Protein chains: 2
Amino acid sequence: MSVTIKDIARESGVSYSTVSKALNNSPLVKPETKKKVLETASMLGYTPNFAAKNLVSKKSRTIGLVWPAIDRIALTALVSKINGLVTAENYFMILSVDEADKAIGMFKGFQVDGVMIFEEGRETMLHSDVFSSIPILSYGVSGDHVYPIIDVNHKKAIHLAVRHLIELGHTSLSYIGDATPGDKRQTEKLNGFYEAMENAGLTVHENSIGNTKGLSWYDGYLAAKNLLKTSKPTALISGSYDISVGVLRAAKELKIRIPEDLSVISYDNIPQMASLETELTSVGVPIEQLAKKMVASLLTLIEKPDSISLTQLMEPKLALRKSAKSLQKHL
Amino acid sequence: MSVTIKDIARESGVSYSTVSKALNNSPLVKPETKKKVLETASMLGYTPNFAAKNLVSKKSRTIGLVWPAIDRIALTALVSKINGLVTAENYFMILSVDEADKAIGMFKGFQVDGVMIFEEGRETMLHSDVFSSIPILSYGVSGDHVYPIIDVNHKKAIHLAVRHLIELGHTSLSYIGDATPGDKRQTEKLNGFYEAMENAGLTVHENSIGNTKGLSWYDGYLAAKNLLKTSKPTALISGSYDISVGVLRAAKELKIRIPEDLSVISYDNIPQMASLETELTSVGVPIEQLAKKMVASLLTLIEKPDSISLTQLMEPKLALRKSAKSLQKHL
DNA sequence: TTGTAAGCGTTATCAA
DNA sequence: TTGATAACGCTTACAA
């Protein structure tokens with residue numbers, strides 16, 4: 001049986017509404033009373049019951065984060081950052097690794113004030129009544145969503161990568177990533193590649209595109225092995241951190257040195273890029289920016305639900321590391 | 001304003017207590033009434049309010065998982081597994097990436113039925129009143145804890161690794177890991193190394209121990225680089241997945257081939273070992289076993305809190321992959 | 001400045 | 001088989 005405000009009231013000789021006020025630091029209670037109440041509270045080891053609190057206040061100062069693909073490690077740093085920002089705003093954050101609909105159902109039950117969704121692959125289809133009843137923000141890809149999305153300008157990210165490689169003198173570029181039609185985020189990247197190549201007046205050969213058909217490192221590994229055996233590009237762009245891990249494995253097995261024999265730029269601008277066997281030059285929105293924008297947007301959405309907040313496109317940046325080299329030096 | 005059982009009651013023309021019973025599939029309501037209630041409930045888009053539910057039932061069928069070090073990827077697979085098992089038992093699971101005391105406070109507020117802690121590094125010091133009021137299970141290291149712990153026989157794990165390397169003909173073994181005194185889990189591993197070496201009649205030279213003084217890949221990288229430059233072991237045991245990542249980087253830079261020039265066995269028996277540039281032979285408790293034991297233990301603890309459940313030591317296993325090779329073949 | 005009492009959405013007990 | 005009603009722990013008018 002845990003301690004309630006009534007216990008504190010009895011113990012400190014005041015009414016329990018006074019205790020409530022004291023605990024909430026209301027200016028309506030005398031400092032001495034407040035002090036006494038606070039003391040007995042901590043003496044008794046009181047912890048508030050959110051269930052009761054949320055029930056009456058209809059607020060929980062908690063946001064829920066849906067993150068079914070925890071094994072996709074590109075996002076861990078982002079999650080930590082978001083947690084920090086949310087904490088600074090005096091909110092709690094709870095995570096669920098369940099699928100979006102189940103997770104949101106649970107979060108709603110817990111009366112969370114808002115939900116963030118980290119989509120992976122296909123877009124989450126939610127019942128229309130869900131996102132009308134609770135602020136939802138998705139880190140996904142713009143589409144015909146009914147809820148706001150923080151999105152990355154994926155095309156531009158790939159443009160950046162292509163341009164950088166061309167500046168380094170490369171003309172024989174390949175792209176490796178997931179081209180499964182359902183996944184807009186991934187197809188955007190691929191389209192960005194085609195576009196950038198066309199803009200530069202370069203042709204994309206059929207066998208210079210590697211379709212990983214998935215997002216795990218192993219998908220990347222298989223596709224890279226296949227691609228690097230059949231064509232000999234001097235530069236390669238990879239669609240994600242995990243895929244890059246596979247690319248590195250494949251390159252190693254084929255005795256292709258990076259960047260000496262092959263320049264690589266990976267999508268995903270995250271710190272982990274520096275921990276790979278070869279530090280990978282990468283493109284993407286820096287996670288600090290992403291985290292800030294996401295938290296700010298969701299909190300605005302929570303505080304004034306009427307504010308129309310549309311899809312927001314974040315600008316990617318190029319992070320130079322050690323995997324892309326000028327072609328001249330290869331000669 | 002969301003839908004409550006009172007709305008359903010009004011709409012379907014019964015009392016709200018009947019609605020409650022119908023929703024909970026009580027045998028006390030006539031099937032037709034039940035049907036009607038259920039229909040109007042889904043028509044209205046009803047979702048139960050856990051806050052209210054938990055308030056009266058004092059149960060939430062939810063367990064909280066404290067996981068501050070989400071960037072330590074060795075645990076992602078374990079978390080997924082645990083979530084699956086917990087779901088199968090009709091529980092929810094929520095995660096927090098906050099520090100243990102904050103997270104537990106929050107979880108208690110949400111009335112979770114039990115808490116799992118994934119410790120990292122130093123042991124979490126909790127106020128004694130915390131673990132007396134809620135079932136807590138920790139995946140940590142046995143010590144003078146007041147709450148039960150699922151622990152791994154770390155010493156034995158390292159023994160296994162040493163024995164395997166000796167069987168392969170190695171006599172010049174090194175260990176690389178965190179030897180910071182505060183972290184029992186890590187020091188156990190190191191002690192296991194000393195023990196196993198002594199048992200085998202082999203001496204441990206001072207410079208064949210690499211102290212990473214931390215658990216990140218970079219700590220491993222620095223320590224490995226230092227160690228491999230000053231001594232030339234034929235085999236190396238690494239204290240964790242992340243440290244191994246650093247070891248691989250260091251080896252590569254020093255042009256040391258694995259396993260040709262150096263056999264490596266890593267602690268942590270997880271699937272990710274297979275995704276490294278060299279698939280690492282590893283030792284540790286298979287995560288399926290770990291997950292099962294943890295979930296079973298916590299649920300028992302929740303269902304009968306009086307059951308004395310002590311620290312449980314799980315048995316590690318050796319998982320053969322490609323990083324340890326017979327010394328004969330080196331010659 | 002403090003206390004009384006209503007009410008948040010449920011479940012559970014008891015009476016009808 | 002159904003319906004009142006108390007209770008869960010808390011916040012918040014409103015009264016004292």
Side-chain angles (χ1 to χ4, degrees), chain A residues 1-38 40-41 44-62 105-113 133-134, chain B residues 1-38 40-41 44-62 105-113 133-134:
Chain A
M1 199 54 206
S2 52
V3 185
T4 74
I5 54 172
K6 292 192 181 174
D7 299 320
I8 304 176
R10 194 180 334 102
E11 203 66 25
S12 53
V14 295
S15 80
Y16 70 84
S17 74
T18 304
V19 172
S20 172
K21 285 169 200 149
L23 256 23
N24 289 292
N25 202 20
S26 157
L28 297 173
V29 301
K30 212 165 33 174
E32 329 159 29
T33 338
K34 196 179 289 184
K35 185 156 167 265
K36 187 176 57 184
V37 168
L38 258 31
T40 56
L44 263 37
Y46 169 77
T47 43
N49 182 324
F50 292 5
K53 215 170 192 156
N54 301 347
L55 184 57
V56 28
S57 71
K58 306 218 172 214
K59 291 238 153 293
S60 60
R61 280 202 92 79
T62 301
M106 175 178 72
F107 285 154
K108 277 191 71 179
F110 279 116
Q111 309 292 105
V112 304
D113 297 337
S133 62
I134 188 173
Chain B
M1 198 54 209
S2 52
V3 185
T4 75
I5 54 172
K6 291 192 181 174
D7 299 319
I8 304 175
R10 195 178 335 101
E11 202 66 25
S12 53
V14 294
S15 79
Y16 71 85
S17 73
T18 303
V19 172
S20 172
K21 285 169 200 147
L23 255 23
N24 289 290
N25 201 20
S26 157
L28 296 175
V29 300
K30 218 169 24 180
E32 330 159 30
T33 334
K34 195 179 289 183
K35 186 158 166 262
K36 187 175 57 186
V37 168
L38 259 31
T40 55
L44 262 38
Y46 169 76
T47 43
N49 183 323
F50 292 6
K53 216 169 191 157
N54 300 348
L55 182 56
V56 31
S57 71
K58 307 217 173 215
K59 291 237 152 292
S60 60
R61 280 202 91 79
T62 301
M106 175 178 72
F107 285 154
K108 278 190 71 180
F110 279 117
Q111 308 292 104
V112 305
D113 298 336
S133 63
I134 189 172

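These numbers were taken from a predicted model, which means no experiment stands behind them. Below, chains carry the letters A, B, ... as their sequence lines are ordered, and counting in each starts from 1.
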* To the nearest 0.5 Å, how far apart are NZ in A:Lys108 and OG1 in B:Thr47? -> 3.5 Å
* **Separation between OG1 of A:Thr4 and CG of A:Asn49, rounded to the nearest 0.5 Å** => 9.5 Å
* Just to confirm, is there a sub-4.0 Å distance from OP1 or OP2 of C:dG3 to any side-chain nitrogen or oxygen of A:Thr18? -> yes
* Hey, is the side chain of B:Ser15 poking within less than 4.0 Å of OP1 or OP2 on D:dG3, counting only N and O atoms? -> yes
* Asked: Quick one: bend of the helix from C:dT1-D:dA16 to C:dA16-D:dT1 from 5 pairs per end, to 10°?
  -> 50°
* Taking salt bridge (charged side-chain N to carboxylate O under 4.0 Å, His left out) as the test, write out the residues that go with B:Asp7, two or more places apart. => B:Arg10
* **B:Ser15: partners by side-chain hydrogen bond (donor to acceptor under 3.5 Å, both in side chains), with sequence neighbours left out** => B:Ser17, B:Thr18
Can you tell me the distance, in whole Å, between the [atom1] atom of [X] and the [atom2] atom of [N]?
{"X": "B:Lys34", "N": "D:dT2", "atom1": "NZ", "atom2": "C1'", "result": "14 Å"}
{"X": "A:Phe50", "N": "C:dC8", "atom1": "CZ", "atom2": "C1'", "result": "17 Å"}
{"X": "A:Arg61", "N": "D:dT11", "atom1": "CZ", "atom2": "P", "result": "14 Å"}
{"X": "A:Asn54", "N": "C:dG9", "atom1": "CG", "atom2": "C1'", "result": "12 Å"}
{"X": "B:Asn49", "N": "D:dC10", "atom1": "CG", "atom2": "C1'", "result": "14 Å"}
{"X": "B:Lys59", "N": "C:dT10", "atom1": "NZ", "atom2": "C1'", "result": "16 Å"}
{"X": "A:Phe110", "N": "C:dG9", "atom1": "CZ", "atom2": "P", "result": "18 Å"}
{"X": "A:Ile8", "N": "D:dG9", "atom1": "CD1", "atom2": "P", "result": "12 Å"}

* To do: Please lay out, stage by stage, how B:Tyr16 and B:Ile8 fare under the test side chain to side chain contact (heavy atoms under 4.5 Å, CB included).
  => CA-CA 7 Å; B:Tyr16 71 85; B:Ile8 304 175; over 6 Å; no
* Take A:Asn54 and A:Lys59 through the side chain to side chain contact (heavy atoms under 4.5 Å, CB included) test and state the conclusion after the steps. => CA-CA 5 Å; A:Asn54 301 347; A:Lys59 291 238 153 293; over 6 Å; no
* Structure fact -> Sorted by chain and number, sequence neighbours left out, ring-ring contact (aromatic ring centres under 6.0 Å, His included) with A:Phe110 holds for B:Phe50, B:Phe110
* Could you tell me whether the side chain of B:Ser57 and the main chain of B:Lys53 form a donor-acceptor pair under 3.5 Å? => yes
* Structure fact -> Whichever of B:Val29 and A:Leu55 has the more 5' nearest nucleotide on DNA chain D, that residue is B:Val29
* To do: Would you mind building the protein contact string for nucleotides 11-16 of chain C? One character per nucleotide, 5' to 3', B for base within reach (heavy atoms under 4.0 Å), S for sugar-phosphate only, - for untouched.
  => BBB---
* Structure fact -> Applied to residues 19-30 of chain A, the side-chain hydrogen bond (donor to acceptor under 3.5 Å, both in side chains) test, sequence neighbours excluded, yields A:Asn25-A:Lys34
